[in-house]
Structure formats: structure tokens, C-alpha cells
Amino acid sequence: MKLVTAVIKPHKWEDVREALETFGVTGMTVSEVSGYGRQKGHTEVYRGAEYDIALVPKIRIEIVVDDGDAEDIVGIITKTAQTGRIGDGKVWVSPIETVIRVRTGDKDAAAL
Amino acid sequence: MKLVTAVIKPHKWEDVREALETFGVTGMTVSEVSGYGRQKGHTEVYRGAEYDIALVPKIRIEIVVDDGDAEDIVGIITKTAQTGRIGDGKVWVSPIETVIRVRTGDKDAAAL
Amino acid sequence: MKLVTAVIKPHKWEDVREALETFGVTGMTVSEVSGYGRQKGHTEVYRGAEYDIALVPKIRIEIVVDDGDAEDIVGIITKTAQTGRIGDGKVWVSPIETVIRVRTGDKDAAAL
Amino acid sequence: MENGYYTWMLVSSSLVLLMTAPGLALFYGGMSRSKSVLNMMMMSFSALGIVGIVYALWGWSMSYSTTAATVDGETGGEVAKLFSNPFTQFGLESTDPANYVFVAFQMTFAVITAALISGAVADRMKFSAWLVFVPVWVTLSYFPLAHMVWGGGFLSDVQNGLADLLFSGDGAAEVAPIDYAGGTVVHINAGVAGLVLALLVGRRIGFGKEPMKPHNLTLTMIGAGLLWFGWFGFNVGSIVNLDDYTTETGLVWLNTTLATCAAMLGWLVVEKIRDGKSTSLGAASGVVAGLVAITPACGNLVPWSAMVLGVVAGMLCALAVGLKYRWNYDDSLDVVGVHLVGGLVGTIGVGFLASNEGGLLTGGGAKQLVVQVCVALFAMLWSAVATLLVGLAIKYTMGLRLDDEAEVEGIDFIEHGESAYDLGTSGGARRASVLGSGSTATEVSA
Amino acid sequence: MENGYYTWMLVSSSLVLLMTAPGLALFYGGMSRSKSVLNMMMMSFSALGIVGIVYALWGWSMSYSTTAATVDGETGGEVAKLFSNPFTQFGLESTDPANYVFVAFQMTFAVITAALISGAVADRMKFSAWLVFVPVWVTLSYFPLAHMVWGGGFLSDVQNGLADLLFSGDGAAEVAPIDYAGGTVVHINAGVAGLVLALLVGRRIGFGKEPMKPHNLTLTMIGAGLLWFGWFGFNVGSIVNLDDYTTETGLVWLNTTLATCAAMLGWLVVEKIRDGKSTSLGAASGVVAGLVAITPACGNLVPWSAMVLGVVAGMLCALAVGLKYRWNYDDSLDVVGVHLVGGLVGTIGVGFLASNEGGLLTGGGAKQLVVQVCVALFAMLWSAVATLLVGLAIKYTMGLRLDDEAEVEGIDFIEHGESAYDLGTSGGARRASVLGSGSTATEVSA
Amino acid sequence: MENGYYTWMLVSSSLVLLMTAPGLALFYGGMSRSKSVLNMMMMSFSALGIVGIVYALWGWSMSYSTTAATVDGETGGEVAKLFSNPFTQFGLESTDPANYVFVAFQMTFAVITAALISGAVADRMKFSAWLVFVPVWVTLSYFPLAHMVWGGGFLSDVQNGLADLLFSGDGAAEVAPIDYAGGTVVHINAGVAGLVLALLVGRRIGFGKEPMKPHNLTLTMIGAGLLWFGWFGFNVGSIVNLDDYTTETGLVWLNTTLATCAAMLGWLVVEKIRDGKSTSLGAASGVVAGLVAITPACGNLVPWSAMVLGVVAGMLCALAVGLKYRWNYDDSLDVVGVHLVGGLVGTIGVGFLASNEGGLLTGGGAKQLVVQVCVALFAMLWSAVATLLVGLAIKYTMGLRLDDEAEVEGIDFIEHGESAYDLGTSGGARRASVLGSGSTATEVSA
Ligand SMILES: Nc1ncnc2c1ncn2[C@@H]1O[C@H](COP(=O)(O)OP(=O)(O)O)[C@@H](O)[C@H]1O
Ligand SMILES: Nc1ncnc2c1ncn2[C@@H]1O[C@H](COP(=O)(O)OP(=O)(O)O)[C@@H](O)[C@H]1O
Ligand SMILES: Nc1ncnc2c1ncn2[C@@H]1O[C@H](COP(=O)(O)OP(=O)(O)O)[C@@H](O)[C@H]1O
């Protein structure tokens, strides 16, 4: 099994979800995170004091997938989340030894 | 070392924590995430406009453990977090090369 | 490629970021999490009712790095985030099979 | 009528309405959990909507249209000691427009009394059950008590009234019961109703085990401030003796403020000693405890005795809110601990402290005290019975309470289909949570 | 002048100012998204700042300095039927200080009318464009309409006024148009302006597709409560006949409250039937709908007819807010659905229900109704044309709207360089988000 | 006394109390960080609790019980130029009830002055130290200054008073100092005290380096709105000449509003030019700056000069808030930049603009200006010395400040054992954060 982790721009989330749904991904776990990278944050001013906001909001998606699907899913995310502008994010794949569905105790492929 | 990641229902968090404590887990890192899967979200209505809330709140738990303990810990989580209803969540295990305790610099087993 | 995950004390975040910047880390993904471990939480009281807050706020940092840099980066984080007091946190390293930059599709080293 | 006074009554009526919405709605809403705050506020808003209408229909008539004894001693009959005819001024048809401002003022009292009860059943009462409970309860408990105390009924100084039966004077009680602005009618009444309803509804899932801490104390602080502000209308607007307008209103304003300041400090001291820290929830609670306690007494104390009453109220209420854990009843937001206890402190306390040698400690003997105690007991009894009747009727017909799953899911969504907040979390909430909200907005086909 | 009444006018002026800031700012701010709440509140605050100044400069003069017909029938000329001379009392130089309190009271009406419009263009209108729109709009639309309706102009009962042209009496209209506190001048005016401006600005990106749910309903509930409270100044302060001070004000206070209670319940019933659940946003909206509808009618109804008007307004507005999805215009916070529709219900409704045999259903025949409808239509026309002129002028010069990227990024940051919240997320937000905020605070070199 | 006026004083007293709780508590609370908001609000609430009591005990007596010179010229002695006898009306025992409403009104002024100081020491002052500071400070600084300015003391036009020493008239100063509603007593006094206390307490950890941005600007906006609303009581309630009741109050209301509108716009313009964007915090701050500046001048200006004063105040304060970064003192929420600077603008500005040929620019010569400047300087000196004494005494006994670890952890938890918010983050905060809160609720053994 593989774990695909993607960090994307928030307003791309809906599109990515739909694309993955169409491909047949049955589940994922998402969270709101902050990104630091080439894409710079911005500046806020309060009573003349400037604050540099170093971080930009991102959405982090985790998907446990069959070894076979990993590549396609990475491709789908990359394609859908792409805007071509700095800050589009990263996708990475890491190995998983096993995954269990809590409700049933099913293992691996059966757990998804 | 292994990293056990569990995504469970929020109201099960306390039970899981107690169970793991009893087993001897000394630490974990938790976060509030949103889940997408078989368990569907719900619908809200504001001034006659319907909003489908696609995601459901979940708790994400990360535990770095000794290779030997991984299986037991997965078992404990699966048992304790189970309600039998759709949306109970997933648990997965991935390999860790090393873990360090920041305070002391201790490595691996000693770091937990 | 490797994934370095660090869980540190919130007020250490700025120092760690600067240190990593100086070292040449070009990006990372951070999130606010809750930690459970030796460092105990505290107690709040509302109208005479006590609440034990079991968890303490932490910052979680994820950095995808070249195999070569992993060790240095772990060292920098451990050094910078250290206060010597209980609760300084953990850093762990896990293997990554590939990482892609969404904007360009670049792979691995080129993606960072 | 004198316009300056009349203007104050317009102001006061508006102030007391403000106490319920948004004052009490905020005070309670902030203390509840983020999954229940909207329902909590809705219980206040809906009480305002319903009781406002009901009061104009038969509330005023039941409270004030006929009195047990008119000035010349001629009586409206024994039943008129409990409530007056709901139909004589039904819908205010036959009400003298010169009295409209009093209808307005009294209406807002009925509204907030009903709304106060909601704190006892936070997070778990069916909204539909609440909508039925409110109008029936004010009809059986509030209007009669308002009539008995202020409408020349059984709890006034009327002939053969409770006070007269205790210490008979000629044509009226020797010692008139004191309830300047509603210690019995409003606070004891709401406090008892809250206790009874909380017992009927039962404890929240996880009560005493799961944490149920306030989700937004800034709302509670706003609420406490607005309640204080509105309370000036509540107390100072209750002036009766117009000849003393300029002196009596000044005294009532001062007593209200001094008792409240003292109660806040009293509560904070108890917390400091018992818990080691003084809390903002304690300050907000102490403010309300002081306002409650001074309500019946504000016209019959002097500044120093107002401070004494206030500090006692603050300390006793601070201790009383702990009782629910000991006796294991879930009076969720402490309607009993603050309004029943505070109302008793004020109603009975004035029996000790009443100025002009009226009280036990001010050289007036025990009579006033005895009268106050008996009036309070009678009001508690009446309120308990009335609430029990309404509550049981609803419980065994439509049911009072959500099912467990719904309660865990959260009453805001279950009963109102809403969530209070969508703040997002990224970047200091610079954008609404893309995760917290849905994918499509589609009009509901009407 | 009688001091009691005068005091009420001081209170009322303060209350109506409170309606805009923070009342309306909260009501609207809570309904917008967390990336737009500050801009939403700023549109109300800036309207107050700008219109306050403008009103003192030429607003009062344009509204009240000269009337079309003075008591003795001598007229200020035909143009004075539309507005009076902006310069006769420019800067209040020559205004009788005894009238200052009326300047104050009327000023706050102009302020909130302008602020109401902002709800229609939430999230996307350039702040600079708003700052230009407001003063020009009040000059072309509000001041003239205020003059026509209340300054003895074309929509009053003045000779050769609209009503007089319909049903001529001797020296004045046979039937005087009824707009007690601003159904046409304030609500229909703002509602039409909102619609026109929303069409000119265009729909938000993702309208009807992306979720745009309220980000903080507790703010909206506070706002609704403060609006209700302030509305007592709005309606009761609009009393004209001082001889009836004590009776008329009582009636107006009661009608305002009863209609609002009824409207709240009416809205909740529609929701329960249509959506299956009654919402807190519905309660807050129903409150405002009722207040809007009773505004023109509050002095000409009796309690029962006020309740009827209220429940009708609540139900119709609850249905009307859905229209924007059907007809696909983005009146973001329902200025049309609540203020235009509610204003029409009240303005036309009083033609049916006016007391003293004034209305169609109260035995007064159709004349009043015809007058009310024609006045409403004329006001809508005037407002539409004026708004279109101002809006187009701005659109084709400085532009009305943010570019798309800025709109997605969020107007609070883009236009104001701020984010509303920095609550952090860890440990129940015990500390500010270390992530949500920057690394250094450096003074801007002035 | 005339009831219409009397009613206004009841309203005004209530309004000024509202300014502190919740008005100022919200204005300050929103600007602080989410780990300090409760402590910030508690400093306002506790100031109300403490000063309320203290004022009734000896505050009124020290301020007004004896005057330096009674009408017939007989004097209460030289010391009575600084303060009057704390014991003559101790506990209001011997106070004429007809004066209670003035006790109430003046009490609320003392309360808010103390509360204003808290903004300078946000996030780091021991709560216990604050509870000790407040009563001592009002006794040494506020009561004497109130007496000197309003109680016929050294800063009034009394014989051998400061003004009389400058320009002696017969039996009284030729030119009476002008402080209509508290520019010196309230704002300059609080501003100086804030500066001194901020210096004694020291800078927050990370000041100027770490971000310390407002955690919830919606609270700050609510606070600004409520402050404005309450300020009508503050200024208009300060009327002295009852014969002009109807004209003077109208003027004061208008001047207050016009100056505030102008100041808001002035602040926004400075921001736009300097920072490129106008902020909501700027609007809220400009509102307060305008209200502060107009406070001493509101009865002595005309509409146009009120606007001028306002815009100047808004602009100067907008620039002044930056000074703390340059001079590196941590006046956390800008008590100096807004209240000291704004108070000076108003107090000195009226020397330029006073109507009826009173000011330098209005044809009255320089005398008024000189008097105003000297009075302001004397008030600053007095306040500085008094604050220094109290502050040093506390610093070297119980200590003024939290230890560093506690400050980093967050004062809300450290001093009050609470956290302001428990909103959760999942699902649009539909449920309280299960992580943010604990596992068990157990009653504290009393
Ligand atoms: N080395 C990294 N490890 C983990 N996350 C990263 C890393 N580099 C970038 N990211 C994430 O990807 C996001 C986009 O990266 P950025 O460099 O800003 O733009 P781009 O990927 O288009 O070059 C960042 O905001 C961060 O969340
Ligand atoms: N493939 C996946 N990868 C990561 N997380 C998943 C995946 N599938 C489900 N989850 C998580 O598990 C939760 C429960 O899954 P769901 O399909 O709803 O119920 P069940 O696991 O009982 O079949 C989801 O809300 C999501 O957070
Ligand atoms: N086994 C673990 N797996 C994942 N995270 C852990 C684990 N143990 C501790 N942590 C994280 O590290 C933080 C610090 O650990 P703690 O035991 O409190 O102090 P220390 O690391 O100094 O011994 C915890 O709050 C938690 O977030």
C-alpha cells in the first residue's frame, strides 16, 4: 500500500475532490495547514505596525491507496491542482505496511 | 521504528487515549482533521439556500512506536474506536527510519 | 527522498524556521497540533468545575528533503527547538518514494 | 402623565427587551458549547417572539385587568386573588392607550422570565417542546404570580392576602410584602421552573464526566454587560411612587449598581479562596447574581445595605453553582444557582435590611422577614407545581428531549440545520474554512 | 419645547446611530464570510462617517430648509416639491439650535439608509468606490425623497403633490400618504438601490455554486437584537403629534414589538414547512423583516393589525430571499428580499389596515391604498434612476469592483490589509495562532 | 428638579456604565491576543466593581462634598482647592438623595478613567497588582483632579485657582478653564497614567519583534460602536446650564457626532496615504480619537469647528500611535496615542476654536489658549506624580508583572485559569474542540 500526501491551494480542493471521486477514490483525510515556500505571504498593517505573514493557507490531503493506483492518483492531483502559478504545492508518495478499517477490521485493499 | 496513524471519530478520542495509556503508550500527536468517505456529511440551510457539507470531523492520531508494539497498538485502537457504524475510520502503519527526542537528542527506542 | 516530521513547542517555531532558511530549506508544510506526553497539560476552572486539559499545543513541521540533507536538518531542528524542558518534542524521518511539484510536474530533487 | 417619567418608561421598556435579545442570549450562548450556541440563543429569541404575542393577547389581562381589591375595598372576587380575567382586555382591545407603555414594560418582564429558564436545559431540549412549553408556562405560572404580587392579588398587601393572613391590618396587611422589581415573580419563579424542567429533561450525556466548558466567554462578557445596562430599566423603571421620582430613581440606580459591584467582588473572592484564581466567568456570574439579588430590594435599601446584600449574594451564589455536581442534577447554566438562590437572597435579605426600620437588622422586628419568607415559599410552590404540570404533559406527549445520537451530533445542526461558526483555520482565518462548508448552494424549491 | 419629549429625542437619535454602528455592521458582518467581515463592517462605519458630515453640510438643508407649501399656503416653488435649497442652511450655519436635535435624529436616518445598501454588494465592491457612491447617492436619492415625504414635498399631502393629484382636497390632498418612520424613504429606497447596485456590480465569483454561508451567526444575532433596540428610537422617535405624546408613543412601541414578534414567528414557520427546520438566521431575518414592515405603519395600526402585518411580512420576506437564486442576481445579504419587500408590505399594507377606518379592510375604502401604492411606485422609480446614474458613473470611471484574484484572496486583506480573526487552533485557542501571523512588527516609516 | 432633564441623567449614567462594560472591555479585548482577551476584559470589569464601591465610600465626598469657594465667596480652605473632605459624605450617609443621580453619573466617569489605563499594560500585569492599583490610583489622581476641575477647585475658575492666578478677574478667573466632559480629568489623566505604568511594568516579551496583532477585530468594532453610543451620555449628560437644556444638549450631541465622523475619516486618510490601505482598526481608533478630542470641547464649539477639531484629532492620533515603536515603550493598546494625544488636542484645541469669540482663531485672543495649556500641563504633572507613587509602591512590594514563562503561556490561563474560546476546528466548528478541552469535570471541594 502507498500513502499519497498532497499539499494544494485551498480553492483547488473542490476540483481535486471531484476528480478523485470520478477516478474512484472512496475516501481521504484532509486538513488545513500552512505552507512555507517560494510563494511569499503578505503584509498586514495594524495601527501603523507592519506584520509579515510568512505562511500561506494550504489544504493537505492524505490518501491511502493500492500500489497500482498511486501513480494515477498522483497524476490526477497534479493535473487538477495546477494553476501554473507559484504555490501550487507538492505531492509525495510514501510506503505503507498495512491499513485497517476500524469498523470491520478489514486489512489493506479490503480496508479502503 | 514504526509510525501508526489513526483517523477516528471525535467522540471516541477519550476512550482511545485511555486504552493506549493503559497499554503504556507514553506519547502521541493529535490533530483535528476532516474526513471524506462512505460516511456522508449533511445539509445545512441558510435563508433557503442548501449547503451540502461533504466532510465529517475526525481526529487524527500519530504514534511513533517500537516495531514490536505496532501490531498491539493498532489492535487496541481498532478495538476501542469501533462503533460498528460507517465512518469509524482507518489505521495505517508506515516505516520510520529514526526518531529523536528534541530535549535530549536520544534516538529511537530511547526517544519515546 | 526523505520526509522529516518534527513536533515542537509553538514559541520555537520562528527560530526553527530561520535556522532552516539559513541552511537552505526552501519550503515546508506546518500545522497546529496537540501533543500528549510527559509534559502534562493544566487545569481550568469554570464555576467551580475543574477541567483537566490533557493536551498541549504543538507545531508540526513536514519537510521533504534529499536523502543527503535529512541528517543535517534533523540536527538543526533538534538544536534550535531545544529548551531542555520536558515537552520539547520529537523529530522523525521516514522514506519517501517520490515527490512532485504540482506547478511544473518536476520530480524528486527537482521538485523541491 | 408627566412626560419625563413617561419617557423613562419608554427607555426602560426598550432596555428590558434588550436584556433578552441579545443580552441573555449572549450570556447563555457563550457558556454553551459551540455545537449548541445557536439553539441557546434561539430559546431566548423565540421566547421573545412567543411571549410578546401572548402577553398582548391575554397576559396583560390576566395580570392587571381586575384586582382583588380596588381602592374602595370592593373586591374582584376570591379567584381574582390568583389571576384576573384573561378576556376582559383580550388583545388589548379595551385597554386604555395611556396604559400601553405599562403593557410594554410588563411584557418585557414576562419575556425574560421565560427565557431565563432555557439555561437549565441547554444542549438537549427539543426546540418544538420549548415552543410549546413557553406560552403554557407563562400562562400558568408567570401571569398568575405577576397578578398576585403586583396586580393586587394574594401576594400583595390585599385584604385576606397572604401577608394580611399573617399579620392582619385594617383593610390591608399590616406589613406589605416587598418585591420591588421581581425577585419572586421573575427570579425565584424562573429558578424553580429551571430546576423542575432540568429534572424532567434529565442530565446531558456525559454530564460531570465529559468537559462542557464555555465555548466563547467574550460573548458571555458582552451579555453580562448588556444585562447590567438593561437592568437599569428593569429596576429603575419599576418605580411606583411618582412623587419621589427624582429621589427614588436615583436611589434605585445607585443600589442596583452598588449591589452588583459588591456581588462581582464577592464571587471573585470566593473563587480566589476556593480555586486559587478569579475567573472572568466568575465576574460575569457575580454581576448577574448581584442584579438578581438587588431586584426585589432595590427600593428598600440604602447604599451601605445594598453593598452588604450584594456581597452576600455574590458569595452564596458562587458556592451554590457547585451543588449540581454534588446532587447530580444538570442545571446546565446555573439557573438555580444564580436566579433561585440570588432571588431568595434578595427577597429574604430585604426582610433583614429594609430601610426605615423595616428589617430585622434595621430595627423593624421580624414581621417583614416572616412575610418575605412566606411569600417566597408560596411563589416557589406555585412555580414548581405549574412547571411540573406543563413539563409532564409535554414529556408524555411530544417528548421533551432529543435522542442521544442527535444530542452528540449537536443540537444546532439537528434542530436548526446550522453551524454557528465557519472561521476556517488557515492563515489566521483569513478565509472561510473551505473544509467546513459544502460544495453547492442550491435554492430549496419552495 | 417639552423636556420629556426632548429627552426622548436625544435618546432616539443615539439609538438610531447605534443601529448602524455596531448594529447593522454586526448583522451584515456575521452573514458574510470570514474573509469579508471587516469590509462589511467598514461599509457601515464609513457610511456613518461620510453621511454624518454630508448631512450637516447640505443634507438637512436639502431635506427641510424650505417646504413646498408653508402653513399659509405660500409655496417655495415647484422645485421645492423635489428638494429644498442645499445652501440656505449649508453647514447648519443658519439653523435654529432648537432644531439641532431634529438634525441629529434625521442625520442618523440618512446614515443607516446608505449603510443598508452595502448588504447587496458584499465581498466584491471596491472600498474606494463605496466611499464615492455613498455621498453622491444620499444627495441624489435620499435627501430628495426625505424632503418629498417629510419635508412637505411631492409625496406629502401638499397641494399638487402626488396624493393631491390623485384625490384632490381643498389646499391639500384628501388622503395624506402614510409613512410614519420611513418605509419609502429608508427601506424601499435602500432596497431598490441595493438591487440596482448588485446588478451593476455583478455576481460574486462562484455565486450559487460555491458555499457562501454566514461565518459567525452569533454576530448576526447580536446585530438583530441591537437593531430591534435601536428601532424603538427609529419608530417611536418619529412621533409627530406631541399632544398625544403619552398615548401615541406607547402605541408605536407596542405595534413595533408585536409586528416584530409576529414576523419572527412567521419566518420560522415558513422555514419549518419549506426546509424542515427553523433557523437562527431565520429568526434574526424575521426580526428585521418585521421591523422594516412596521416602520411606515407603526402609528396607524392597532395591536391586532400590527400582528397581522408582521406575520405577513415575515412570511413574504422568507419566501422572497429565495428569488435571487431563481433570477440569478447576487443581492448577497438580501437587501431586496428584506428591505424592499418588507418596505412594500408595510407601505402598502397600511393601505389595507390603517386604523380609524383608514384602510380598505378597516372600512376606509380604497383611496388610502391607491395613494400608498402610487407613492411606493414613485419612490422606487426615483431611487432606481438615481442609483443607476451614480452607479454607472462610477463603474465607467474608477470602476465598481475588485478584480477576480483579489476577490478570491479576500476583500478584508486586499482592501484593508487586515484579517478579522487570529484565534489560533491549538489547545482550545489558548494562544494566538503562531502560524496565522507574521514574524516581525516594524513601524511603518511615516 | 425638572423630570425631563432628570430622566436624561438616568439614561446618561446607564450609558456611561455601558461604555466600560462591555464597551471598553470589547474595544480592548479584541485588540489583545487570544491568550489575553479575558484578562483584558477583566481589567475593565474589575475596575467597575472596585471603583463603584470606592466612589460611594469616599470618591464622591473627595470630589464634591466641599468646594474651595462657595457661592458667597466663603472658602473651604486652601486644601479644598485640591480635594474635599473624604469623610463628610463617607458612604453617602449624609448625601442628599436628590443628588444620587449625580453620584451615579460621576461614579461611572471614575470607573472608565481607571479602566482606560489597562490598555497600556495588556498581557503582562499581575491581576492582583491591578486590583490594588485601581482604588489607590483613583484616590490619589482621579478624585483630586475631578475636584479641581469640576468641584470648584484649583483648575476651575475659583479665586486663586490656576486660571485666576494667570488672569485674575474679580472674585474669580477672568477666563474660566474649559473642560466640558473630561478632557483633562478623564483622558489626559488616563493617558499619562497609562504611559507611566507602561514604563514601570516594562515591555512585553517580544515587543516590536513578535507579532502582537488584534485577535478579533469584530469585538473591537462592537466596542467602538458601544463607546460612541455611550459617549452621548458622557458628553450630553455633562450639561451644566439647564436653562439651555433643549438647545445646548442638541448642540453637544451634534458636535460629538460630527467630530467623531471627521476623526474617523481623518484617521483613514492618514492610513491610506501612509500604509496604502485604510483599516477597520483605523476606523474604530479614529472613532475613539474623535470622541476623546471632542469631550472637553463639545459645549464650546459649533458644527464646523467640531468637524475641524475632529479631523485634526483623527490625523494626529493616527500618527501618534506609531511613536511607541520609535521610542520603544510598550503602550500596548495606545492609551497614550489615543487618549493623551486626543485629550490634548481637545483641551488645547478649544483654546483656538471656542465659539462666541472665545478662541484664538475665533477672535478671542490668546488668554483661553494659555489657560487651557496650563491646565493641561498641571493635570499631566499631577497624574504623572500620583501614578508614579502608586506604581513604584506596588512594584517594590507585591510586584507589578508576571514572570516571563507565565507571560508566554498566556495571562488568561495563568491569572484566571480560563481560555476565551473553545471553538473546535473540524466541520466548521460544529462541535467544541475535543482536543482543546479536558477529560473530566469534577466539582472543586468547597
Ligand atoms: N520541501 C518541502 N516539504 C514539504 N512541503 C513543502 C516543501 N516545499 C514546499 N512545500 C509545500 O508546497 C507549497 C508550495 O511550495 P512553493 O515553493 O511555495 O511553490 P511551488 O511548489 O509552486 O514551487 C508550500 O506552501 C508548502 O506547503
Ligand atoms: N483511502 C483513504 N485514505 C485516507 N483516509 C481515508 C481513506 N478512506 C477513508 N479515510 C478516512 O476514514 C474515515 C472513515 O471512512 P468511511 O469510508 O467514511 O467509513 P468506513 O471506514 O467505516 O468505511 C474517512 O472519514 C476518512 O477520514
Ligand atoms: N510516541 C510518540 N509519537 C508521536 N508523537 C509523540 C510521541 N511521544 C511524544 N510525542 C510528541 O512529542 C511531544 C513532547 O513529548 P513529551 O513526552 O511531552 O516530552 P519529551 O519529548 O521532552 O519527553 C508530545 O507533546 C507529543 O506531541
Side-chain angles (χ1 to χ4, degrees), chain B residues 1-8 10 12-34 57-67 69-70 73 76-77 80 92-112, chain C residues 1-10 12-13 15-16 19 29-41 51-62 65 67 70-97:
Chain B
M1 313 293 294
K2 304 268 179 244
L3 171 65
V4 177
T5 305
V7 176
I8 62 169
K12 277 294 177 183
W13 153 247
E14 285 300 337
D15 304 345
V16 170
R17 207 201 66 197
E18 278 164 30
L20 290 171
E21 216 167 346
T22 339
F23 175 78
V25 170
T26 60
M28 42 193 150
T29 299
V30 285
S31 50
E32 297 188 318
V33 297
S34 299
K58 298 286 169 191
I59 294 298
R60 182 177 183 278
I61 310 175
E62 287 179 302
I63 320 176
V64 178
V65 299
D66 274 337
D67 298 12
D69 298 340
I73 286 174
I76 289 168
I77 297 175
T80 331
W92 60 82
V93 180
S94 46
I96 291 286
E97 295 177 353
T98 175
V99 53
I100 291 97
R101 165 183 284 118
V102 172
R103 170 164 51 96
T104 57
D106 298 341
K107 279 214 158 33
D108 301 345
L112 303 185
Chain C
M1 314 294 297
K2 305 270 180 239
L3 171 66
V4 177
T5 305
V7 177
I8 62 169
K9 286 183 171 165
K12 277 296 179 182
W13 153 246
D15 305 345
V16 170
T29 299
V30 285
S31 51
E32 297 187 317
V33 297
S34 299
Y36 172 85
R38 281 175 197 68
Q39 179 194 11
K40 289 292 157 247
Y51 294 101
D52 303 329
I53 308 296
L55 296 146
V56 287
K58 299 285 169 192
I59 294 298
R60 182 177 184 279
I61 310 175
E62 286 179 303
V65 300
D67 297 10
E71 204 160 317
D72 303 359
I73 287 174
V74 169
I76 290 169
I77 296 175
T78 317
K79 212 169 83 289
T80 332
Q82 209 169 62
T83 70
R85 281 209 225 65
I86 284 185
D88 278 352
K90 313 281 180 200
V91 186
W92 60 84
V93 180
S94 47
I96 291 287
E97 295 177 353

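Chain A is the first sequence line, chain B the second, and so forth, proteins listed ahead of strands; every chain is numbered from 1.
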Can you pull out all donor-acceptor pairs below 3.5 Å that join chain B and chain C?
from	atom 1	to	atom 2	distance (Å)
B:Glu21	OE1	C:Tyr36	OH	3.2
B:Glu21	OE2	C:Tyr36	OH	2.8
B:Met28	N	C:Tyr36	O	2.9
B:Met28	O	C:Tyr36	N	2.9
B:Val30	N	C:Ser34	O	2.8
B:Val30	O	C:Ser34	N	2.8
B:Glu62	OE1	C:Arg60	NE	2.7
B:Glu62	OE1	C:Arg60	NH2	3.3
B:Glu62	OE2	C:Arg60	NH2	2.5
B:Glu97	N	C:Val93	O	2.7
B:Glu97	OE1	C:Lys2	NZ	3.3
B:Glu97	OE2	C:Lys2	NZ	2.9
B:Thr98	O	C:Val93	N	3.0
B:Ile100	N	C:Val91	O	2.7
B:Ile100	O	C:Val91	N	3.0
B:Val102	N	C:Gly89	O	2.9
B:Val102	O	C:Gln82	NE2	2.6
B:Arg103	O	C:Gln82	NE2	3.0
B:Ala111	O	C:Lys90	NZ	2.5
B:Leu112	O	C:Arg38	NH2	2.9

Under 4.5 Å from any heavy atom of chain B - which part of C:Leu3
neither

Taking every non-hydrogen pair under 4.5 Å, which of C:Gly37, C:Gly84, C:Gly89 racks up the most with chain B?
C:Gly89

Of the non-hydrogen atoms in C:Pro95 and B:Pro95, which two are nearest, and what is the gap between them?
CD-O, 3.5 Å

In terms of heavy-atom pairs under 4.5 Å, which option from B:Val102, B:Ile96, B:Val25 contacts chain C the most?
B:Val102

Please classify the contact of C:Val93 with chain B as side chain, backbone, both or neither, using a heavy-atom distance under 4.5 Å.
both

Going by heavy atoms in the side chains, are B:Val30 and C:Leu55 under 4.5 Å from each other?
yes

Answer whether the closest heavy-atom distance between the side chains of C:Val74 and B:Ile100 falls below 4.5 Å.
yes

